Number of protein chains: 2
Amino acid sequence: MPLGQRTAGDKSESRYCGVETDFNEDMPRLLDFNFSAGFDFLLTPLMNPTYRPSLVATGSEAAVLPFAGSDLVLSPAQWSSHVVGKISSWIDLDSEDEVLRQDSETVLRQEIAWASHLSLQACLLPSPRGTSCGNYARCVNQILQGLNNMQLWLRVPLEKSDDDAMDGNSDQAIGGYTDTWQWWNSFRLLCEHHSQLSIALDVISLPSGNSLGRWFGEPVRAAIIHTNAFLTNARGYPCLSKRHQKLIAGFFNHSIQIVVSGNEVHNTSMGTLECSNHTNENSDDTSRHPLRSYLDYVGYLYQRMDPLPEQERFELGYRDFLQSPLQPLMDNLEAQTYETFEKDTVKYSQYQRAVCKALMDRVPDEKASSITTVLMVVGAGRGPLVRASLQAAEETGRKLKVYAVEKNPNAVVTLHSLVKLEGWENVVTIVSCDMRSWNAPEKADILVSELLGSFGDNELSPECLDGAQRFLKEDGISIPSSYTSYIQPVTASKLYNDVKSHKDLLHFETAYVVKLHSVAKLSPSQPVFTFTHPDHSTKKSNQRYTKLRFEIPRDTGSAMVHGFAGYFDATLYKDVHLGIEPSTATPNMFSWFAIFFPLRTPVCLQPGSPLEVHFWRCCGSTKVWYEWCVTSPYPSPIHNCNGRSYWVGL
Amino acid sequence: MPLGQRTAGDKSESRYCGVETDFNEDMPRLLDFNFSAGFDFLLTPLMNPTYRPSLVATGSEAAVLPFAGSDLVLSPAQWSSHVVGKISSWIDLDSEDEVLRQDSETVLRQEIAWASHLSLQACLLPSPRGTSCGNYARCVNQILQGLNNMQLWLRVPLEKSDDDAMDGNSDQAIGGYTDTWQWWNSFRLLCEHHSQLSIALDVISLPSGNSLGRWFGEPVRAAIIHTNAFLTNARGYPCLSKRHQKLIAGFFNHSIQIVVSGNEVHNTSMGTLECSNHTNENSDDTSRHPLRSYLDYVGYLYQRMDPLPEQERFELGYRDFLQSPLQPLMDNLEAQTYETFEKDTVKYSQYQRAVCKALMDRVPDEKASSITTVLMVVGAGRGPLVRASLQAAEETGRKLKVYAVEKNPNAVVTLHSLVKLEGWENVVTIVSCDMRSWNAPEKADILVSELLGSFGDNELSPECLDGAQRFLKEDGISIPSSYTSYIQPVTASKLYNDVKSHKDLLHFETAYVVKLHSVAKLSPSQPVFTFTHPDHSTKKSNQRYTKLRFEIPRDTGSAMVHGFAGYFDATLYKDVHLGIEPSTATPNMFSWFAIFFPLRTPVCLQPGSPLEVHFWRCCGSTKVWYEWCVTSPYPSPIHNCNGRSYWVGL
């Protein structure tokens, strides 16, 4: 039964908890026993571990393979829902011993074929024995090509590195040799990031936080916790260290299932469960399961998790889902899109604050009743910035004349009704026109726009505002007054695989809007391009080129860069800003997800070697586009040359 | 005019010699002057080197660009045949100075556009200023996408590394920092190996032989030799050191054009040309060109080259041309194919020697007249091995009974006529049957076959001989008695680009038969798979797995591995062998070119870091295939998983 409920509608896989068992021919009893203790699934060997194909006399090839139980003993539905097949752990496909190697391949194929026959959802592959796992990976890769929906979980030990152990300094760099992430990385590169190859982390000991963080960008499906990792609380019951608790919370948040493994090392059968602070109401002392108290503790941790904030819950369905960025200049937005964005009250209150400050700077208190400020909203949409501006005028007691310029004729219809409905006819003039071609009847004191994309300039705010700048007074104010894009390298195997699934170059050279979740941020973000408005320089250009150098913390170990997460931060006016750059993000704003720039070939970073990245913003006569590449540790191709794959239309 | 003739029909580009000049507005005179001295083309700036776009007043944008001469001054044909455009060498697209960077990009685009307008065959791009050439590469990459047929030659200095210079030990490893191959490599990786991006080597000083060798696998089109690289011979004329001569011979052999550059540093106008050992019959002292004697020397070196051996001349058209390997088991060969292979007399005389030795071992002299040896030719084709065997019998005075087994019914027709024509009816029995299914009426003493492909077992000799082994006597002999495949890592940018041009995975996972020429062999070849016949072991399998580790000589510097060259060596009988493995290749045999296994992503090797490679031979019920991958310095995908792209049908 699930570990419990965190919040209404919690459908995360991580509410199920499994248990690792030895080989047992009486599968129904094994399942019953663990089920009644509250475990949801078994991680159990499918085949007798003493079996070796090479020891079977060649004459007896017709003999039945020594599997734990058939699909008559348990129903196919039981097998499929409650058993993860544990592939024989003695296999070693990279052994020097050819007989062992061939036995291993034979058994691996037999067990996977059997698991497929039973429609198991997953099998656990034994850990590779280092990075030199070529033959193991070749065999698994062959199997993956023809596999049904089954996942293969590669067991990977999570360990402190030897370097750490030797000098007892846990902040020290991870030595390449014992960084088990490398084992995983070799294996998955050989298997070409196959989407059915994932990870079961075997939590042996805890490396540094940066080192752990990498895994949240990788396809970890399960975490195996050993009973000897548990401490003992004052009442004699198992509990986990703060660091372990934090890690487990991370697993829960990333839909990673916990599997309890090992023997009972806390003798709790003497005590009474009722004393424990993590009792389970269904407890039943009569046929006590030796691992019951560990499961109870995991359930307690699960139920203790903070509920998801409303915004996060709303965005659950968007997590790690690739969306094409809007092209609001080329395309006209739909009513529903306007409506969604207009709900972002935080954004509009920031605009209102910025307009207030600008109005007070333009018009001193003593002239508030005599001077009328001309404010133009360029890209007025259905009017939210018109409203914010009028509210700012009211708040500051300034007189305002508003032009609402909008190129989308459908939005203009709505604008007209709004003005009528609110009785703004005397202060608001609606202009149905592209701001780049409008002949304004007078010049503006303040130009207000919200043309920013997730990457700041990617919805062509610079080009639009260049066009609008003609009708801004020499000393006029643009809100926003500047904006800057940011990037940071990320591990994002889910996103990479989703891009790869299209099997073309185009998708690898496209930027995506995405709610980042299963992503490891490897280094703080850095600024890329900045635009300032108004810009009165003569030889101005909206082309940009930036070269960035990221250093990844040494205690991270090696890590895979699948691409770059992009953000923006905008200065609306003076100290009023708005943005999604993680370290300064405006709280509770939902108008923008991050942007993701993929890399055609992920770049593996070794500890201490910097990542050098180039980004270009290029402008043609009909379109604007980005190009990007990596030059260190080794050069990548330049992505999206001439905007061949991805561009924003002017 | 060309440097001369080496052999009849020599069409190599390298018979043309160019000269590098300064900017000169009088193009017709410049061309005349250099032409009359014997140079074939000019490497000359197209634009006045003092021009800077940023210095031109913005009002005068309509001004004419300061090009050396228009298409009215020289005809388009003259421009195209005799001028290589030298892009302004002051440009620096990776400068910190933004004005210089933008001027550079503007001028680069203007000059290339002008060169395209003139239909020049090539332009010379200034050398990048190190490996950090991201913006330069981005701009060139953009230009390459829309370019006509023009080649862009990236100038790359060929220099001894600093490391060499510092300790004066020229055998020492090249330091990464001054290895200019890295400059090229960064640039071309950023430009995705674009086929119109090639190299002009600027020969400044000579690095070690291994370091030089790398370039012959890269797309070098021209080599610029400076007058100050020349020594002075006893008569005061320019000449080159032995090492330079060897390098220039290498250039000639790889169709690389020489360009002479610099001022005259040998004052030869005093001497008489007739004394020189490399006179040119067209010499004309009246308007002597200062670089004439350098050109004469280059011409002398060209004419002094050894003529190509006949076999090489025959194979010229096959150089670096990818061919699909034969599938003689699935497909029936055509008469023409048989005829071509039968002309390989060296091969058949090796077979004859092997059969002789086998016959003498089977039948002692004293029993020569009483014992009849049963010899079966399996895969007899049109009969060349039948003839070789009969000749061996005659040579050794042994009595022979021959079965000629052939599955191709068309070849069997020819076999019948041959037997009739030669009067072999009493000794030769023709069997029209697949050797794998033939029920032989008696057992053979000797089994002779020629089922080998370029990679030994790749035409399924093991599977065929397994089938034929049934009718070989317990102590019978197989000719060949064993064969081994070999591979070595190579730089082969031409082959890589040809594979890439198909734009699919299939071609990157296919092995090709190819006459290797523009290839740098980076390390000696190593054995991969060995098959021995007959093989009486019980659990035999034709699956194979080998892991190899290649160390590249430290003085090579870094190098790109585009794939692996494959070969075979076969032991026919005892000390009689046959093969194409370079260090032991049978001379003057032309039946087999090498095989080439490409890598989907070329692997860049740094000095001292080994290359770890895995090769598998996999067998299914209907096909045999290879899989291959690299695991060090970093893992590649496993190529050709399950034989999805390339396989040999059973």
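The structure displayed is predicted, hence computed values, not measured ones. Below, read A as the first sequence line, B as the second, and so on, with proteins coming before strands; counting in each chain starts at 1.
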What part of [X] gets closer than 4.5 Å to chain B, counting heavy atoms only: side chain, backbone, both or neither?
X      : result
A/R188 : neither
A/T631 : side chain
A/D94  : side chain
A/S541 : neither
A/K547 : side chain
A/C618 : side chain
A/E627 : side chain

For the [atom1] atom of [X] and the [atom2] atom of [Y], what is their distance to the nearest 0.5 Å?
X      : Y      : atom1 : atom2 : result
B/I638 : A/Q142 : CD1   : CD    : 8.0 Å
B/S636 : A/L190 : OG    : CG    : 6.5 Å
B/Y634 : A/Q606 : OH    : CD    : 11.5 Å
B/W616 : A/C139 : CH2   : SG    : 10.5 Å

Quick check for you: among [options], which has the greatest number of heavy-atom pairs under 4.5 Å with chain A?
options                        : answer
B/P637, B/S132, B/C629         : B/P637
B/L189, B/N141, B/V630, B/N135 : B/N135
B/E192, B/R138, B/E612, B/Q145 : B/R138
B/C133, B/C604, B/G134, B/S632 : B/G134

**Report entry** Note: B/E98-A/R544 ion pair, threshold 4.0 Å (strictly below)
**Finding:** no
**Report entry** Option in A/N185, A/L144, A/N642 with maximal non-hydrogen atom pairs under 4.5 Å from chain B
**Finding:** A/N642
